[in-house]
Peer 1: 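Shown below is the structure under consideration.
Throughout, a chain's letter reflects where its sequence line sits, starting with A, and its residues are numbered from 1. All heavy atoms count here, side chains included; hydrogens, waters and symmetry mates do not.
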There are 2 protein chains.
Amino acid sequence: MAEAHDALFRTLADPTRRALFERLCREGEKTVGALTAQAGVSQPVVSRHLALLKQAGLVRDRHEGRQTHYSAQLDALAPLVDWTSQMAGFWQSRFDRLEDLLKRMDQ
Amino acid sequence: MAEAHDALFRTLADPTRRALFERLCREGEKTVGALTAQAGVSQPVVSRHLALLKQAGLVRDRHEGRQTHYSAQLDALAPLVDWTSQMAGFWQSRFDRLEDLLKRMDQ
DNA sequence: GATATATAGACAGATAAGCATATATTTCAG
DNA sequence: CTGAAATATATGCTTATCTGTCTATATATC
């Protein structure tokens with residue numbers, strides 16, 4: 001379970017890779033060529049980043065003729081949301097306990 | 001703005017560092033010594049990780065005598081939440097446009 | 001003086017990104 | 001059928017960054 005967070009954070013930590021993912025989120029499905037045209041890095045590098053994103057479950061690929069279309073897979077962000085709200089939840093529950101304590105002290 | 005995401009993802013990508021942050025979220029304020037005792041790495045390493053977490057705004061420190069107490073700073077996760085919901089938002093709006101298109105085609 | 005922490009130096013090892021290039025695959029077009 | 005196009009993948013290389021070690025040492029507190 002921690003490994004999922006590991007892969008997510010690690011995969012999204014690279015700016016180039018995160019930029020690719022963001023573009024797919026913003027603009028929807030894109031071919032490798034279209035992504036390469038604006039990525040500022042070479043095509044093999046783009047392909048490798050896409051492979052890593054796919055490995056992390058963050059993107060999906062669809063083959064059409066000699067092109068490959070990539071699109072963002074939003075479900076993959078769920079562990080991130082879970083983790084975040086879990087952290088916030090721990091904080092909240094500690095806050096609740098503190099409130100309880102203060103309430104009891106008040107009596 | 002992207003730099004904030006950069007720092008957050010990069011800071012949380014390291015397992016040891018993320019574990020420290022998670023412990024602070026779960027168990028509340030802790031001294032460096034207490035954190036070191038279970039971190040599996042040396043005290044200087046723990047201090048450096050804490051410095052990086054602090055630099056990213058993820059933790060806060062409080063000096064008390066010769067000890068330093070660290071605690072999680074949940075606000076720092078806001079950009080992460082924003083980013084996530086922004087990505088989901090882009091997806092949603094494209095989905096909406098698709099629905100509109102289908103609706104129009106249906107007529 | 002002992003304790004708790006921060007910080008710094010030097011070093012080793014791992015990991016990752018980037019490049020260039022080559023090549024294999026599949027697909028499409030002439 | 002042949003060649004070009006789109007992509008994936010691999011190799012080799014360079015460079016950078018990061019984590020960790022250990023070993024100081026500075027600082028403040030008790």
Side-chain angles (χ1 to χ4, degrees), chain A residues 2-24 27-73, chain B residues 2-24 27-73:
Chain A
E3 298 78 22
H5 300 148
D6 235 62
L8 270 184
F9 281 117
R10 201 170 356 101
T11 305
L12 292 171
D14 181 70
T16 305
R17 198 156 48 223
R18 195 173 60 254
L20 284 171
F21 179 69
E22 289 178 3
R23 266 193 76 198
L24 290 176
E27 309 172 15
E29 204 176 58
K30 288 253 173 286
T31 67
V32 177
L35 291 169
T36 300
Q38 299 190 25
V41 292
S42 69
Q43 175 262 317
V45 169
V46 169
S47 278
R48 245 179 91 244
H49 280 306
L50 289 171
L52 290 173
L53 284 167
K54 183 181 171 186
Q55 195 180 326
L58 285 161
V59 300
R60 203 166 52 88
D61 59 346
R62 179 176 69 79
H63 298 278
E64 186 181 316
R66 52 185 151 176
Q67 296 185 320
T68 310
H69 298 256
Y70 279 87
S71 54
Q73 196 71 11
Chain B
E3 298 77 25
H5 300 147
D6 235 61
L8 271 184
F9 281 118
R10 199 168 359 97
T11 304
L12 292 171
D14 181 70
T16 305
R17 197 157 48 225
R18 196 174 59 254
L20 283 171
F21 179 68
E22 290 178 2
R23 266 193 77 197
L24 290 177
E27 309 171 17
E29 205 177 56
K30 288 252 173 287
T31 67
V32 177
L35 290 169
T36 301
Q38 299 190 25
V41 290
S42 69
Q43 176 264 316
V45 169
V46 169
S47 279
R48 249 179 88 242
H49 280 306
L50 289 171
L52 290 174
L53 285 167
K54 183 182 172 186
Q55 194 178 329
L58 284 161
V59 300
R60 204 166 54 87
D61 59 346
R62 181 175 69 81
H63 299 279
E64 186 182 317
R66 52 186 153 177
Q67 295 185 320
T68 309
H69 298 256
Y70 279 87
S71 54
Q73 196 70 11

Peer 1: Please tell me if B:Ser42 has a side-chain N or O lying less than 4.0 Å from either OP1 or OP2 of D:dG20.
Peer 2: no

Peer 1: Tell me: CG of B:Leu50 to P of D:dT19, nearest whole Å?
Peer 2: 13 Å

Peer 1: Please report, rounded to the nearest Å, how far the C1' atom of D:dA8 is from the CD atom of A:Glu64.
Peer 2: 18 Å

Peer 1: Between D:dT7 atom C1' and A:Lys54 atom NZ, what is the distance in whole Å?
Peer 2: 12 Å

Peer 1: Under 4.0 Å, heavy atoms only, any strand: does B:Thr68 hit a base, just the sugar-phosphate, or nothing?
Peer 2: sugar-phosphate

Peer 1: Within the supplied structure, the quantity of interest is the number of heavy atoms (other residues, nucleotides, ligands) at a distance under 6.0 Å from B:Arg60 CZ; does it exceed 12?
Peer 2: no

Peer 1: Taking the minimum atom-to-atom distance to the side chain of B:Tyr70, which one of C:dT21, C:dA6, C:dT7 wins?
Peer 2: C:dA6

Peer 1: Show, in sequence, the C-alpha distance, side-chain angles and deciding distance for B:Leu12 and B:Leu58, and conclude whether the side-chain contact (heavy atoms from CB on, under 4.5 Å) test is met.
Peer 2: CA-CA 9 Å; B:Leu12 292 171; B:Leu58 284 161; 3.8 Å; yes

Peer 1: Step by step, would you call B:Gln55 with B:Leu52 a side-chain contact (heavy atoms from CB on, under 4.5 Å)?
Peer 2: CA-CA 5 Å; B:Gln55 194 178 329; B:Leu52 290 174; 3.9 Å; yes

Peer 1: Can you tell me how far P of C:dA4 sits from CG of B:Leu35, to the nearest Å?
Peer 2: 14 Å

Peer 1: Give the rounded distance in Å between these two atoms: NE2 of B:His63 and P of D:dT27.
Peer 2: 15 Å

Peer 1: Might you confirm whether atom CZ of A:Arg23 has over 12 heavy atoms from other residues, nucleotides or ligands at distances under 6.0 Å?
Peer 2: yes

Peer 1: Just do the side-chain contact (heavy atoms from CB on, under 4.5 Å) check on A:His69 and A:Thr31 with the steps written out, would you?
Peer 2: CA-CA 4 Å; A:His69 298 256; A:Thr31 67; 3.5 Å; yes

Peer 1: Counting side-chain heavy atoms from C-beta on, which of C:dT5, C:dA8, C:dA17 comes nearest to A:Asp14?
Peer 2: C:dA17

Peer 1: Whether the side chain of A:Gln67 and the base of D:dA5 hold a donor-acceptor pair under 3.5 Å is what I'd like checked.
Peer 2: no

Peer 1: From C-beta outward on B:Ser47, which listed nucleotide comes closest to its side chain: C:dT7, C:dG18, C:dT21?
Peer 2: C:dT7

Peer 1: How many Å lie between CZ on A:Arg18 and P on C:dA17, as a whole number?
Peer 2: 12 Å

Peer 1: Distance check needed: D:dT17 C1' versus A:Arg17 CZ, whole Å only.
Peer 2: 14 Å

Peer 1: Any N or O donor-acceptor pair linking the side chain of A:Gln43 to the base of D:dA8 at under 3.5 Å?
Peer 2: yes

Peer 1: Rounding to an integer number of Å, can you tell me how far A:Arg48 CZ sits from D:dA6 C1'?
Peer 2: 19 Å

Peer 1: Please classify the nucleic acid contact of B:His49 as base, sugar-phosphate, or nothing, using heavy-atom distances under 4.0 Å.
Peer 2: sugar-phosphate

Peer 1: The side chain of B:Arg66 lies closest to which of these nucleotides: D:dT29, D:dT9, C:dC19?
Peer 2: D:dT29

Peer 1: Which comes earlier along DNA chain C counting from the 5' end, the contact point of A:Pro44 or that of A:Gly65, where each point is its nearest nucleotide?
Peer 2: A:Pro44

Peer 1: With a 4.0 Å cut-off on heavy atoms, is B:Val32 in touch with a base, just the backbone sugar-phosphate, or nothing at all?
Peer 2: sugar-phosphate

